[in-house]
Chemist: 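I'd like to ask some things about the structure below.
Every number for a ligand or one of its atoms is a count from 1 in the order of the listing.
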Amino acid sequence: MPHRVYIQTVGCQMNVLDSELAAADLMQVGYELVHSPREADTILYNTCSVRQHAEDKIYSALGRLKPLKQKRPDLIIGVMGCMAQKDRDAIFRRAPHVDLVVGPGQLGRLPEFIDRVRRGDNLSPLPTDFGPAPGGEPVARAVFQPSKLLEIGLDRASGRRKDISESFKTFNVNRTAAMRSVPHQALVRIAFGCDRFCAYCVVPRVRGPEQNRPAAEIEEEVRRLADGGCLEITLLGQTVNGYRDDSGGATVRLSDLLHRLHEIAGIRRLKFVTNHPNYMTDDLLAAMRDLPKVSPYLHVPAQSGANEILRRMKRGYTVEQYREMLERIREKIPQAAVASDFIVGFCGETEEEFQQTVELVRTARFKNSFIFKYSSRPGTKAAELYADDISEEVKRRRNNELLAVQNAICLEDNQPYLGRTVEILVEGPSKVARKQPPGAATVQLVGRTVHDRIVVFDGPRELIGKIIEVTIEKLDPFTLFGKLL
Ligand code: SF4
C-alpha cells in the first residue's frame, strides 16, 4: 500500500506552489495525496509567519493532532515553510508530537527527510550556526529526541552571503498535469527570498537572501507546462519585478523574460506577482503594453499613504513616488487594473496618517486592496525599534473603514461591466458547486478576466480550463455574475 500524505497550506501563493511541488516530489516516489488527515500516514503543514494569527492557527491544528498521534505513533507529523524556519526547535517544545521541521529552503529533500524519520535514522549532526532562536533564546539541542528531525536554512546574520544563500536552495520539481491541482494554470517561481528588509516583514529572515532563477531554466519549465496543456502562468517572486538573471552573460530582466515566455506556443496568459513600486520600470510597462499574452493586471503594494509611516516601514519610496508610478502605469497601459496591499495600525500610526492612507485608496482607485492589521513579528526591525502601540480596537476600526472605501470603489468600477461580454479563463467549480449534486448537467463555475476580475456563471464542468465568453448580468463589489453565451 502506498504511503498517504495530507498537506495543509496557509499563506501566500509561494506556499501554495511549495505545497504543490512537495506533493509532486512525494508522488514521484510513490506517495498518494489524500484530502483528510485521518486518511494519511504523513501529515504536513506548510506554514506562514507573516501574521501571528496564521501561526496560532497552525499551533492549534497541531494541538488537535496530539490524540491521533498517541493512537497511531507511526503517524508522521511535519511542519514546513516559514514558521519552521522562524520557530525552529521551539516547535518541538510547543508540540512534542511533531516529528520533523523543514524550512522553505530544504523542501527539495522532503521525501528523504520523511524516509529518515520513518526509518528512525533521522539524526543528522545538528548545525551549530543557526544563531539564537527568536527572542534571543539559544537553540536548545537537549530537547531533541532521536525521533526528531530539524532541517532549516542558516540565519541571515550567521556568515557569508554565499553560504546563507546555499542553505536556502530554490526548490523546483518537474510536475505533470496530473500532479497539479489545476492543470490549466501554473505558478512558476522565478525568484526566491528577499533583500529589502521592510521593517515589519519576516520574509527576508525566513526565505533567505534574494536568488533569481536562471531564465533558461524558467523558460524550459514553462515550455513543459505548456506541452502539458497549461494556458496560464503566474510568475512568482517576493519582488518579482526586480528579477535579474546574469547567469547567461547578458542580463535578463523581467521584461526580457516576458518576451521570451510570450513566444511559447500554448501559453495564453502571463501574470506576475508581487511587485515592488521601486522596480516598476518603463521597459516592464512597455512589455506589458506590447505583449498581448501579458495580463494588464499589476499587484503593487503601497502599504501606507503617509510618508512618515513609509519611512518607518523602510519601504524605500514616498507617497508622491508611488503616485508617480501609478501615473506611469496608467499612461502606458490605460486599461491596467492595479491592486494594492495596506497595513493599518502600524507602530505609531496617527489618525491623520491613517486618513492619508484613506485618501490614497480613494484617489488611486485600486481594483482591489488587501488590507491587514499590523501584526508585530519577532526578529523584524519594527519589533525591535517601535512599540506596537495601536490598540486592537483602533486597528479593527481602521481596517473596516479602509475596506468600506475600497469596496465602494470596487462596486463603482464593476458597474460598467453590466451587459458587457468578457473573455474568461474558467478556473473550476465555485464554492456553491460543491453543494450541488455531483451528476448535475450544469454547475456554478468560476473564471477570471485578464484584469483579474472574478466571474461566476452556470455551465457544464467540461468548460473548466477553457477560455470562453460570458455576458455580465449582475454584480457586487467582488464578483461579476455572467451568463454563458
Ligand atoms: S519587499 Fe518588503 S514586504 Fe516584500 S517580501 Fe521583501 S521585505 Fe517583505
Chemist: For the residue pair Asn46 / Ser19, report whether a side-chain donor-acceptor contact shorter than 3.5 Å exists.
Modeler: yes
Chemist: Within 45 degrees of the axis of the six-membered ring of Tyr59 and under 6.0 Å from its centre: does Arg94 put its NZ or CZ there?
Modeler: yes
Chemist: For Gln303 and Tyr200, which I'm curious about, is there any donor-acceptor pair between the side chains at under 3.5 Å?
Modeler: yes
Chemist: Glu210 and Gln238: side-chain donor and acceptor closer than 3.5 Å?
Modeler: no
Chemist: Could Arg253 and Tyr243 be counted as a cation-pi pair, given that NZ or CZ must be under 6.0 Å from the ring centre and within 45° of the axis?
Modeler: no
Chemist: Measure from NZ or CZ of Arg51 to the centre of the six-membered ring of Phe372, then state whether that distance is under 6.0 Å and the direction lies within 45° of the axis.
Modeler: yes
Chemist: Heavy-atom contacts with Tyr200 under 4.0 Å: which atoms of ligand 1 show up? List them by number with element.
Modeler: 3 (S)
Chemist: Under 2.8 Å from atom 2 (Fe) of ligand 1, which protein atoms of type N, O or S occur, listed by chain and number?
Modeler: Cys198 SG
